[in-house]
Protein chains: 2
Amino acid sequence: MLEIRHLKSLKAIAETGKLGLAAERIFLTQSALSHQIRALETHYDIVLFERSNIGLRFTPAGQRLLDLANELLPLIEKSERDLIRLKSDQSGELRIVLECHTCFDWLTPVMDAFRRAWPEVEVDLVAGFHSDPWHLLHAGKADVVIGGLPDKIKDLQHLALFKFEIMAVLPPDHALRNKSRLLAADFANETLITYPVPETRIDIIRQVLQPANISFTRRTAELTIAIMQLVASRRGIAALPSWGIQNYVEHDYVIAKHIGTSGLWSELYAIGTSEMMARPYAKDLARIIRDVCAGNLKGIKLLAP
Amino acid sequence: MLEIRHLKSLKAIAETGKLGLAAERIFLTQSALSHQIRALETHYDIVLFERSNIGLRFTPAGQRLLDLANELLPLIEKSERDLIRLKSDQSGELRIVLECHTCFDWLTPVMDAFRRAWPEVEVDLVAGFHSDPWHLLHAGKADVVIGGLPDKIKDLQHLALFKFEIMAVLPPDHALRNKSRLLAADFANETLITYPVPETRIDIIRQVLQPANISFTRRTAELTIAIMQLVASRRGIAALPSWGIQNYVEHDYVIAKHIGTSGLWSELYAIGTSEMMARPYAKDLARIIRDVCAGNLKGIKLLAP
DNA sequence: CTTAGGTATGAATTTAATTCAAATTTAACA
DNA sequence: TGTTAAATTTGAATTAAATTCATACCTAAG
């Protein structure tokens, strides 16, 4: 009766605190999860959660099953990795390029986990900025690009990672501080602080400002923290992934606003040649990124695999 | 994709070595198990077993998943026990009566496991022989009888354990040594060696010899080993559970034969008052007996729970 | 070359999980 | 005190998955 699926559900509920979010994370409807949990409760004739309008709280029985999940799921994942390795050459090379600057934030724990899982694979970060990172794949200079999907995906294969919201970052006393979301026009005549990359690689410019023909000043900084300092000292506004700015927002250095009517979302993929993406360790890299990021980055949504 | 159900299947296959037997043990058809395993193999794109006309052998990948099963299933069972305990009083008393003499063989490991699981419950064996053990339940002298179902089950509740085959035991040079199975008539004028209990409590007499009106001599011995020695030294023949005689047969002290055309099978239940059998630790006793015996006694078949 | 004892297969069936479309609950707000 | 928003529940309909049934297939032994 109890199945691994249930344990995964419990884990998702624990991580999100809400049935709806948990359901989304494991690609079910909220209703399905409700039914599933209810079936468990009926089966064991025990209550697993205290429900309220703010979410679920584990009862001791629920906690006991959650403990089981936390004990079992890592073992299961390890076994599944072992199975993959049993049928494949375990060694290889994996040169990673990041399209997106902020991704450095989570890359370190990912690389650590990957090296632990695939000690025989040589992982490297391809250094420097590249105006067309996907080109490096065909040129044999890199194995995987982590970024958005390129327009022409000739001979390239991709694995879905997650999507995240890019939010506008303002100083706390900015004139727009009371709007709940900023529209393209709000950026007119503002100074936009970005990483030093071409405009076509900056989502807010490509997808919001340019289409609306908004004129603005641009200023660049290399590091996220430098950008935040510029914003905090009222030199301009920025647009950054919600998970990259959380700390600064919590400490009231800056405030964050949604962009556009439904938010500005960006999707991340692991992209490589078909030959490379067929390798088990490349698939596993994607899995590890999804795992690590789902655990560490608040507000992201995993894409359907 | 991988579910606990699959792990249970793998365990059953490991224990039986054959798809058909494994399927029976987990109450599925052979076909269902075959489909299930095939689905796993397809999913991971890996072969789990080498099939042959004598059964299945685990490949390294299969073994890896079996290892996972052996690691996980005990943890899961422990959690389920904890859930039961979370909703119930954990203490109580459990006085066990054995209807069947040979059952002492497996009772010790069962009691050990039970004491570990329910340290607060006082377990006792009700000593001595009782001509009507079920009566002790209503008299308040015992809590659970382990034996066959009584004819009148007034106010009694039972939990199914397992069934086993009772086989005839002969000295290796007996005149009937070449028959593959003994019929009632074969016992005519033989000496039957039994435990010292009334004839109505000896299955072969009640179900085979008496209906066929066979006359025979009876001789008794207290212990299984004593009965075996009498048989080996040609003082008579006996009828004992297949699992109780395995050792002696393997060492060629004695030989074993099926009884009747389809074998003589006996079923074992845990029987108690409704009040007692509703208690979680009584249900758990039955589960422990099933588990321990399925693991230790060759040739038994678990009854549907 | 047949049989016995095992597994595999495909279609039909049954069972279980999931979705869909409300309904309900509850706290916060005006 | 009603209204809304954000959550969960519910029951019926749907979809997907597991299981069975009936039979085919395989292989070693006689």
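Below, chain A is the first sequence line, B the second, and so on; all start at residue 1. Given the structure is predicted, the values throughout are model-derived calculations rather than measurements.
Straight-line distance from the CG atom of B:Leu28 to the P atom of C:dT15: 13 Å, rounded to whole Å. Per the geometry, CD1 belonging to A:Ile37 stands 14 Å off C1' belonging to C:dT18, to the nearest Å. Taking atom CG of residue B:Leu33 and atom P of nucleotide D:dC21, one finds them 15 Å apart after rounding to whole Å.
Every side-chain contact (heavy atoms from CB on, under 4.5 Å) that B:Gln157 has, sequence neighbours left out, goes to B:Ser274, B:Met277. Considering only residues two or more places apart in sequence or on other chains, B:Ala278 meets the side-chain contact (heavy atoms from CB on, under 4.5 Å) condition with none of them. By the side-chain contact (heavy atoms from CB on, under 4.5 Å) test, B:Leu72 pairs with A:Leu72, A:Leu75, A:Ile76, B:Leu7, B:Leu68, B:Ile76, sequence neighbours left out. By the side chain to side chain donor-acceptor pair (under 3.5 Å) test, B:His158 is found to be paired with no residue, residues two or more places apart in sequence or in another chain being considered. A:Arg181 pairs by the side chain to side chain donor-acceptor pair (under 3.5 Å) definition with nothing, not counting sequence neighbours.
OP1 or OP2 of D:dT19 sits under 4.0 Å from a side-chain N or O of B:Gln36.
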Please list every donor-acceptor pair under 3.5 Å in which a side-chain atom of residues 14-29 of chain A meets a protein atom from a residue at least two apart or in another chain.
from    : atom 1 : to       : atom 2 : distance (Å)
A:Glu15 : OE1    : A:Arg25  : NH1    : 2.9
A:Thr16 : OG1    : A:Ala12  : O      : 2.9
A:Thr16 : OG1    : A:Lys18  : N      : 3.3
A:Thr16 : OG1    : A:Lys18  : O      : 3.0
A:Thr16 : OG1    : A:Ala22  : N      : 3.4
A:Glu24 : OE1    : A:Lys301 : NZ     : 2.8
A:Arg25 : NH1    : A:Ala294 : O      : 3.4
A:Thr29 : OG1    : A:Ala32  : N      : 3.0

Do any side-chain atoms of residues 43-51 of chain B form donor-acceptor pairs under 3.5 angstrom with protein atoms, and if so which ones, sequence neighbours left out?
from    : atom 1 : to      : atom 2 : distance (Å)
B:Tyr44 : OH     : A:Glu80 : OE2    : 2.4
B:Glu50 : OE1    : B:Arg57 : NH2    : 3.0
B:Arg51 : NH1    : B:Glu41 : OE1    : 3.2
B:Arg51 : NH1    : B:Glu41 : OE2    : 2.8
B:Arg51 : NH1    : B:Phe49 : O      : 3.2
B:Arg51 : NH2    : B:Glu41 : OE1    : 3.0

(request) If a protein heavy atom is under 4.0 Å from the base, mark B; if only from the sugar-phosphate, S; if neither, -; do that for nucleotides 7-13 of chain C going 5' to 3'. (result) BBBBB--

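The stretch residues 3-14 of chain B has no heavy atom under 4.0 Å from DNA chain C, so no residue of it qualifies as close.
Contact of the B:Ile255 side chain with the B:Val249 side chain is not registered, since no non-hydrogen atoms from C-beta on lie closer than 4.5 Å.
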